[in-house]
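Notes follow the structure.
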Amino acid sequence: MPPQPTLPPNPLASGFHPDPSVVRVGDDYYLANSTFEYLPGIPVKHSRDLVTWEHVGHVVERDGQLDITDVPTLGGAWAPTIRHHDGRFWIAVTDAMGRGTLVFTADDPAGPWSDGVLVEGMDGIDPDLAWDEDGTCYLTYSALRLSGMGHDGIEQFRVDPLTGTMLEEPRSLWSGTGLMFPEGPHLYQHDGWWYLFIAEGGTERGHSVSVARARRPDGPFEGCPANPLLTAAGTDRPVQNTGHGDLVQAPDGSWYLVLLGMRVRGGTRSFSPMGRETFCTPVTWHDGWPQIAPVVLSEPGPAVVWEDEFDTSTSDPAWLAVRRLPTEVADLTSRPGHLVLHADGSDLGDLRPVFLGIRQAHLRSRFSAVVDASAGVGGIGMRIDELHHVGIELSGTTLVAHAQVSTFGQTWSAQAPEGPVTLWLATAPVEPGGEFLEQMSSDHLTLGYDGPDGPVTLARIDGRYFTAETTASFAGRVVGLYATHGTIAVDRVRYDGTDA
């Protein structure tokens with residue numbers, strides 16, 4: 001009997017961690033995810049057991065590796081594939097609406113990574129790299145034509161991954177089962193066969209995993225009779241949109257699929273406040289075909305506390321900035337023990353706000369910061385994109401909270417005490433037993449501050465308007481600090497999170 005795998009905790013990587021790719025090198029595992037318009041780009045995590053993961057670095061840490069300065073929302077780093085071959089780590093990724101298809105290399109997955117070579121002439125997304133026994137490299141990809149949004153299924157060509165040179169014209173490999181948007185291909189050799197895993201059905205509720213196999217890496221491929229092998233569509237599973245999977249084997253011989261999914265909330269299970277996250281599920285083999293178990297949501301883990309007191313000259317690697325590196329935003333030297341943000345006239349509705357954030361990683365969370373706005377205007381905010389964001393900002397002793405949902409906005413104001421003020425933004429799931437219409441939502445966002453007599457709530461906002469389903473964004477919630485005028489100084493920040 002084949003070994004019975006033990007499921008790692010789910011989510012494997014919570015919060016904004018879409019399009020996962022995983023590779024095993026000896027007893028080590030490395031995980032990479034999409035980051036779209038955020039920098040540093042493409043986080044790399046390391047594990048020895050597929051259970052505990054440590055963030056070890058990013059692929060994109062320098063100007064020029066991606067061209068996302070003016071990339072439209074939803075562009076940037078799409079669907080990286082991480083692999084190891086010939087003693088070197090490789091990542092192939094789409095810089096959508098930017099440089100194009102890129103291949104990065106590194107001797108150490110923690111970095112530094114190369115500047116990336118462009119695969120000239122390729123018209124598609126979601127590149128995968130696989131090598132045969134002779135060392136020939138095959139680049140397999142989704143033929144989604146960004147210029148016209150047409151789709152011709154999965155294609156492939158031989159490539160020199162060091163130079164990005166296409167060594168032949170692309171061939172059509174497989175069109176999937178007929179569901180829309182065949183994408184996210186990954187190619188593996190196992191037990192005398194080459195297996196092609198793809199995502200189908202779009203990244204929404206119809207997302208699924210289908211598999212084909214061939215005796216050669218270039219086909220011809222035949223689809224599994226049981227396709228799609230995994231989908232949560234039409235089920236009551238708490239994790240929906242399951243797809244875009246990458247296969248990996250554990251030391252005990254068991255197999256897993258690392259994939260994206262979304263935790264749905266609300267009375268009709270219509271909203272996902274955490275966006276697209278990374279999950280893991282067991283895979284077994286029967287009669288030459290994989291069988292993929294449904295994704296099971298784990299019991300909540302312990303509460304998490306993360307703090308930054310800005311007592312060093314380098315920023316914590318958890319910080320993200322929008323279309324620029326955190327070093328362009330974070331001033332950690334002009335006022336020791338503080339983060340200083342220098343406004344440039346932008347706000348959270350602009351493509352490149354003066355914003356420094358971290359991922360919201362729990363359904364119930366609280367982000368707080370001690371803000372001195374005596375020389376400017378700024379505070380804390382949560383953004384999904386330029387059209388969907390909330391914030392509470394301080395200007396002298398005037399507080400203003402805002403919520404922006406597409407072209408609709410609302411503000412609330414109050415007077416704050418003198419001196420630095422602790423501002424906070426909290427999220428909490430809608431509790432059962434309330435009013436019927438309230439039960440339809442996912443969660444609530446609360447903006448407030450600490451007054452002389454304790455916490456004061458300034459605004460309470462329906463969280464459904466800041467979920468992936470409402471915004472149609474590929475990214476998730478990022479909460480952090482921003483400035484709109486002058487300079488603000490932040491003494492310390494704290495994030496508290498739990499799914500309990």
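Judged by distance alone, the side chain of T278 and the main-chain N or O of H17 form a donor-acceptor pair under 3.5 Å.
Just one residue in the list F355, Y495, W306 forms a ring pair (Phe, Tyr, Trp, His ring centres under 6.0 Å) with W319, and that residue is W306.
Side-chain atoms of L31 and V258, non-hydrogen and from C-beta on, do get closer than 4.5 Å to each other. Inter-residue side-chain proximity for V430 and S442 is flagged as unmet; no heavy-atom pair is nearer than 4.5 Å.
Each salt bridge (charged side-chain N to carboxylate O under 4.0 Å, His left out) pair with one or both residues in residues 54-75, not counting sequence neighbours, appears once here: R62-D115.
Annotation for S346 and R324: closest pair OG-NH2, 4.4 Å, computed over non-hydrogen atoms.
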Residue pair H186, F197: steps toward the ring pair (Phe, Tyr, Trp, His ring centres under 6.0 Å) verdict: CA-CA 5 Å; H186 291 306; F197 282 61; 8.6 Å; no
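The number of heavy atoms from other shown groups lying within 6.0 Å of CD (Q189) is above 12.
In this structure, I384 CD1 and T467 OG1 are separated by 6.5 Å, a value rounded to the nearest 0.5 Å.
Cation-pi geometry between R265 and F271 is not met at under 6.0 angstrom from the ring centre and within 45 degrees of the axis.
Electrostatic pairing of D462 and R464 counts as a salt bridge here, judged by a charged N lying under 4.0 Å from a carboxylate O.
Taking the six-membered ring for Trp and thresholds of 30 and 60 degrees, H402 and Y482 have ring planes more than 60 degrees apart, a perpendicular arrangement.
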